[in-house]
2 protein chains.
Amino acid sequence: MVRKPTSKETARKPNMREAILAAAEELFATNGFNAVSVRDIAQAAGANPGSVTYHFKTKDGLLLEIYRRHCGPMNLRRSELLAAAKRVRDLQDRLEAVVRAYVVPAFTSGSDLAGGGARFTRLRAVMSAEGNEVARKIIAQTFDDTSHAFIDAVHESLPHVPRTDIVWRSHFLLGALYYSLVTPDRVSRLSRGEADGSDAASAIEQLVQATVAAFQAPALDQAVPAKRRPVVSSKT
Amino acid sequence: MVRKPTSKETARKPNMREAILAAAEELFATNGFNAVSVRDIAQAAGANPGSVTYHFKTKDGLLLEIYRRHCGPMNLRRSELLAAAKRVRDLQDRLEAVVRAYVVPAFTSGSDLAGGGARFTRLRAVMSAEGNEVARKIIAQTFDDTSHAFIDAVHESLPHVPRTDIVWRSHFLLGALYYSLVTPDRVSRLSRGEADGSDAASAIEQLVQATVAAFQAPALDQAVPAKRRPVVSSKT
DNA sequence: ATGTGATTTGTACTATCGTACAAAAGATCA
DNA sequence: TGATCTTTTGTACGATAGTACAAATCACAT
């Protein structure tokens, strides 16, 4: 409707397919999958609803393509950073480098996809929360390898911590990472404006620092030696 | 149970209202708000779709009532546990008790609502991820007080850590907490069966231990060079 | 310029959504 | 019992969902 029969020189539409992907990514990441209609996406991309069907066949197909578009580059970037991190000699520094190799690609773009890192990570967070079927399949078969590699690398830096504990803590890391991208405003609010939750650099530094410390916590087995128990007693 | 006396005040029938609430809570928590239809809820509760409208007027009203049902008891429980935790003398033990006061009510039932703790927390996680409007309003005005009280309590145990850092780390804690309830299977999978992600006791212990360590991490200020003060720029 | 294949548009179809509302069924008490 | 209030049922309505598809339009090699 807003279409203007201007000359072809002015605003040349580079690629409608890309516009649809970008719009869908943004809308899915902020509102969830089911809350966004194909018409919403088309409108945001300045396209026709039928165009979405043409390029991606179904709404699920569109989501699938978004994943396909990002998974490769992000995992590649993680592998590179992880490989580099493993070459750090000092164990303490290596741990931090390993954590950073996991965190940084999630916040920043890992390829030519403009600023896609944080947006795609947020998308994954939302799809994960919604229990989206399409997402779950891809995630499990695409990211588990990376996660295992990450866990192993952390374990190498912390041989005295049981692998189980490391799995838990890396799980917490991912949850914290997701949540930081989902509701950054909460950080700003709770800090009474002293911190900006949507500042990626701050988020990364804070997350890396906190996570390294969490990984370095004593193993759980010997940490609960029957001394502590008093406060948690009440139960229903 | 099968009392004979009739009093208009007490509700003791096979309450359909309760069944609808429980079914909605479960379905929303696992599939998100928009993916679940009123008819799905009615069917799961063994009720008629019209019954949902009768009791809760709208779908939003149903979600609202779920929140109303849980917020009070959970915050009350947290306040009690936090008050008890603050009486712990040893600073190290107190910090752990404070964290536990925040974590435990999220995993376990805080009232007579059967096993509602974890389910409701998961619901909150999902609504948060979906950016649900109804949820956001209630959350901000109901949980921010609790969060501030928690942050202050942590800060008292760690006076040398800037409040901003504590806000970030408590934010990470909530993210980790949410994610543990959203995809517990991931923990089981990544640990190759050695850990059970859906075991609340393990999750609590792991989360408390990791979080205490994260809170105790050195302050960030000296870890990050200058170049701070980016101020909140208007975002999209 | 023209033909050809790729893309975009407009529209229509069916299914399902949230919600409304009248009638049926229970419950309560004079 | 019959009157009255509460709850449940059944059904219907308008809106919107995902998708299909033919017509219109565009890009470009010839």
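Protein chains get the first letters and strands the later ones, always in sequence-line order, with residue 1 at the start of each. Basis for what follows: all heavy atoms, side chains included, without hydrogens, waters or symmetry-related copies.
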Study note, to complete from the structure: Taking every heavy atom of Thr108(B) against every heavy atom of Arg77(B), the minimum-distance pair comes out as OG1-NH1, 3.4 Å
Is [X] close enough to [N] that one of its side-chain N or O atoms is under 4.0 Å from OP1 or OP2 there?
| X | N | result |
| --- | --- | --- |
| Asn48(B) | dT8(D) | no |
| Tyr54(A) | dT7(C) | yes |
| His55(A) | dT8(C) | yes |

Nearest-Å distance, [atom1] ([X]) to [atom2] ([N])?
| X | N | atom1 | atom2 | value |
| --- | --- | --- | --- | --- |
| Phe56(A) | dG18(D) | CZ | P | 15 Å |
| Ile41(A) | dA17(D) | CD1 | C1' | 12 Å |
| Glu18(B) | dT8(D) | CD | C1' | 17 Å |
| Gln43(A) | dG18(D) | CD | P | 14 Å |

Check your understanding: Would you call the rings of Phe120(B) and Tyr67(B) parallel, tilted or perpendicular if under 30° counts as parallel and over 60° as perpendicular?
Key -> perpendicular
Exercise for review: Tell me, yes or no, whether the heavy-atom count around Gln43(A) atom CD, taken from other residues, nucleotides or ligands under 6.0 Å, exceeds 12.
Suggested key: no
Point to revise | Verdict with supporting geometry, Val182(A) and Ser128(B), side chain to side chain contact (heavy atoms under 4.5 Å, CB included) | key: CA-CA 8 Å; Val182(A) 166; Ser128(B) 165; 4.0 Å; yes
Review point. Is the NZ or CZ atom of Arg124(B) both under 6.0 Å from the centre of the six-membered ring of Phe143(B) and within 45° of that ring's axis?
Key: yes
Practice item. Start with the C-alpha gap between Ile139(A) and Arg186(B), add the side-chain angles, then the distance that decides, and say whether side chain to side chain contact (heavy atoms under 4.5 Å, CB included) holds. Key: CA-CA 10 Å; Ile139(A) 287 288; Arg186(B) 185 172 172 273; over 6 Å; no
Check your understanding: Could you run down nucleotides 14-25 of chain C 5' to 3' and tag each one B, S or - for protein heavy-atom contact under 4.0 Å?
Key -> ---BBBS-----
